[in-house]
2 protein chains.
Amino acid sequence: MAKPVVREAARRRRRPTRSGTVLSEEIIVGTALRVLREHGSTGLTARRLGAALGADPSTLYRYFAGMDDLTRAIGDELMGRALEGWTATGDWRADLRALGRAIHASYLAHPQAAVLTASRVTGRPREIAVDETILGILRGAGLADAVAVGVYHAFIDQSLAFAALDAGSLALTEEARTGDEEMWRSTYARLPAESHPNIAATAELLARRMPHSAYPMALEMLLDHAAARVARSGT
Amino acid sequence: MAKPVVREAARRRRRPTRSGTVLSEEIIVGTALRVLREHGSTGLTARRLGAALGADPSTLYRYFAGMDDLTRAIGDELMGRALEGWTATGDWRADLRALGRAIHASYLAHPQAAVLTASRVTGRPREIAVDETILGILRGAGLADAVAVGVYHAFIDQSLAFAALDAGSLALTEEARTGDEEMWRSTYARLPAESHPNIAATAELLARRMPHSAYPMALEMLLDHAAARVARSGT
DNA sequence: AAGGTAAGGTCAACCCTGTTGGCATAAGAG
DNA sequence: CTCTTATGCCAACAGGGTTGACCTTACCTT
């Protein structure tokens, strides 16, 4: 690595780019989110981001080790925003539900960015803060460590996995205006009842439900499971 | 599109490539799976696949509209394999559990391919066959259509979402031998107890559990939920 | 069996991508 | 005020998907 990246905290000199803007990790990540929204999940390129920042593409390598490193920073930003829009109440079940929805919503607020990042563990500070919070809620509810870790694992993986999946269709819909509901109606509703009796019988219900996320339902299932464990540990 | 793709069924002439092999969608998809396994989830390129097939990269465009189209065909292949390794017994709960595990296992058998495809709905024939099967199991169990569609939605999305997530770490581990468990131990176990008391208290449990999939647990939660609905509908 | 049609393999070229080494310049330390 | 060096810029590299033109040969028709 000929050009070692300087940590944001240790950054001293702030030299403006040719177009006048002064860069920072924060500004770069924010601009990357905008570029992703405008150009789709595959539209974030070093050249395009450089142009959006008014800087040479290679300048990015002064702030991130590569596009992959930048991608993880974007993911951490979404995690951070999820935690910002959440406050503890003391009711573990309500808190966990709210946190799950906050994570899901934070990623879905930037579907194109979520597609890139949601299926990756970043190991960055704000993701770790979320993990700490979840474990705190579960242990605070009275679950034994082993059980808390199990529920935590299912919770975070489920939240991220659904965020990635749901963001995928959302981003796709916005990129190519195919209309997902239309796809369901056009593809699935046309299947003959002889070969696909079950799809044919439920085509209308499918078309109405599939464009929406199954995450809320999965989240409630997880909360039910956790509640059962909490009740058992209480006796 | 100057070169319209000929549907596989309508393909008449089978002209061997320069190196002698005769192409087909099946051979291309199979070779793509091999290339993915050998070169990682980002290692499937038109040029590399062409070389592996002993054909010019542009030949691929006679069979698929583009790399994206090929990607969806790969995903459908994995779905097809999942359904092949599954047989109905008549016990809805056992059948659904087995099918979920078959889907999950089929994708994880090709982690690099799964990363590319699991977060996408292909709308291709074998994916539709899986959907039809799931709905058949649930309706056969006696669930009302609206409930069956809801459980189906959660089931298929959960299975695909976890497949994508789990494949991600699996593919990553195989690509860059970083060792995911090591990452957990090195990053999370080092956090000071003052700032991260809950992670610190459960670090060992986390390191042991996080490298494994949370899908089995999530699947059982879904089956419990479905069983409750079946019981209610029976009364 | 001969001939025509076009499917399908090949080639060269296009513009895109991430990334890097060398260079220029100005910010901030002393 | 000077010096160091962080930081922005430039040019270039290898490799990516994709396409239009070309050629060859498998197959259908006669």
Side-chain angles (χ1 to χ4, degrees), chain A residues 1-28 31-32 35-36 39-74 116 175, chain B residues 1-28 31-32 35-36 39-74 116 175:
Chain A
M1 202 79 69
K3 297 180 175 183
V5 175
V6 177
R7 293 192 336 278
E8 183 73 5
R11 207 166 278 278
R12 287 279 148 72
R13 309 187 180 179
R14 312 228 82 122
R15 178 177 169 185
T17 138
R18 178 159 276 256
S19 73
T21 50
V22 175
L23 297 181
S24 68
E25 284 193 9
E26 193 183 341
I27 289 180
I28 294 175
T31 307
V35 170
L36 278 166
H39 296 277
S41 57
T42 62
L44 179 66
T45 71
R47 284 172 173 79
R48 187 131 55 194
L49 180 53
L53 287 163
D56 188 88
S58 63
T59 307
L60 297 170
Y61 290 81
R62 301 283 185 202
Y63 292 83
F64 300 96
M67 291 305 280
D68 192 77
D69 192 29
L70 169 61
T71 298
R72 284 188 296 121
I74 294 171
L116 284 189
E175 275 172 26
Chain B
M1 201 79 69
K3 297 180 174 182
V5 174
V6 176
R7 292 193 336 279
E8 183 73 6
R11 207 167 280 275
R12 287 281 147 73
R13 310 186 180 181
R14 311 228 84 120
R15 177 179 168 187
T17 159
R18 178 158 276 255
S19 73
T21 52
V22 176
L23 297 180
S24 68
E25 284 192 9
E26 193 183 341
I27 289 181
I28 294 176
T31 306
V35 170
L36 278 166
H39 292 89
S41 57
T42 61
L44 179 66
T45 71
R47 285 173 173 80
R48 186 130 58 194
L49 181 53
L53 286 164
D56 189 89
S58 62
T59 308
L60 298 171
Y61 291 82
R62 302 280 185 203
Y63 291 83
F64 299 97
M67 291 304 281
D68 192 78
D69 192 27
L70 170 61
T71 298
R72 284 189 294 123
I74 293 171
L116 285 187
E175 274 172 27

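Atoms considered below: every heavy atom in the structure, side chains included; atoms not considered: hydrogens, waters and symmetry mates. Below, chains carry the letters A, B, ... as their sequence lines are ordered, and counting in each starts from 1. Everything numeric here is computed off the predicted structure, so don't read it as measured data.
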Specify the closest pair of heavy atoms between A/Phe64 and A/Glu25, including all atoms of both residues, with the distance to one decimal. CZ-CG, 4.0 Å

Starting at atom CG of A/Leu60, determine the distance to atom P of D/dG8, rounded to an integer number of angstrom. 10 Å

The criterion is side chain to side chain donor-acceptor pair (under 3.5 Å); which residues satisfy it with A/Arg48, sequence neighbours excluded? A/His39

Taking C-beta and beyond as the side chain, do B/Ile28 and B/Leu49 meet within less than 4.5 Å on heavy atoms? yes

Just the rounded figure in Å: distance from P of D/dA21 to CZ of B/Arg62. 12 Å

Looking only at D/dG17, D/dC10, D/dG8, the nucleotide nearest the A/Ser58 side chain is D/dC10

What is the distance, rounded to the nearest whole Å, between atom NE2 of A/His39 and atom P of C/dT17? 11 Å

Touch class at under 4.0 angstrom, heavy-atom based, for A/Tyr63 against every strand present: sugar-phosphate

Going 5' to 3' along nucleotides 25-30 of chain C, which nucleotides have protein heavy atoms under 4.0 Å from the base (write B), which only from the sugar-phosphate (write S), and which from neither (write -)? B-BS--

Could you state the CD1-P distance from A/Ile28 to D/dT7, rounded to the nearest angstrom? 11 Å

Which residues share a side chain to side chain contact (heavy atoms under 4.5 Å, CB included) with A/Ala51, sequence neighbours left out: none

Expressed as a whole number of angstroms, how long is the span from B/Asp56:CG to D/dC22:P? 16 Å

A/Ile74 and A/Leu44, any side-chain heavy atoms less than 4.5 Å apart: yes

Counting any heavy atom closer than 4.0 Å, what does B/Leu44 reach on the DNA or RNA strands: base, sugar-phosphate only, or nothing? sugar-phosphate

Quick one: A/Asp69 CG to C/dG18 C1', roughly how many Å, whole number? 14 Å

Would you kindly compare A/Thr45 and B/Arg47 by the position of their nearest DNA chain C nucleotide and give the one closer to the 5′ end? B/Arg47

Kindly indicate, with the supporting measurements, whether the criterion side chain to side chain contact (heavy atoms under 4.5 Å, CB included) is fulfilled by A/Thr59 and A/Thr17. CA-CA 9 Å; A/Thr59 307; A/Thr17 138; over 6 Å; no

Pick base, sugar-phosphate or nothing for A/Leu49, based on heavy-atom distances below 4.0 Å to the nucleic acid. nothing

Heavy-atom side-chain contact between B/Ile27 and B/Thr21 under 4.5 Å: no

Does B/Tyr61 make a side-chain N or O approach to OP1 or OP2 of D/dG20 shorter than 4.0 Å? no

Roughly, in whole Å, what's the span from CG in A/Leu23 to C1' in D/dA6? 13 Å

To the nearest Å, how far apart are A/Met67 CE and D/dG16 C1'? 15 Å

D/dT7 phosphate, OP1 or OP2: any side-chain N/O from A/Thr59 under 4.0 angstrom? no

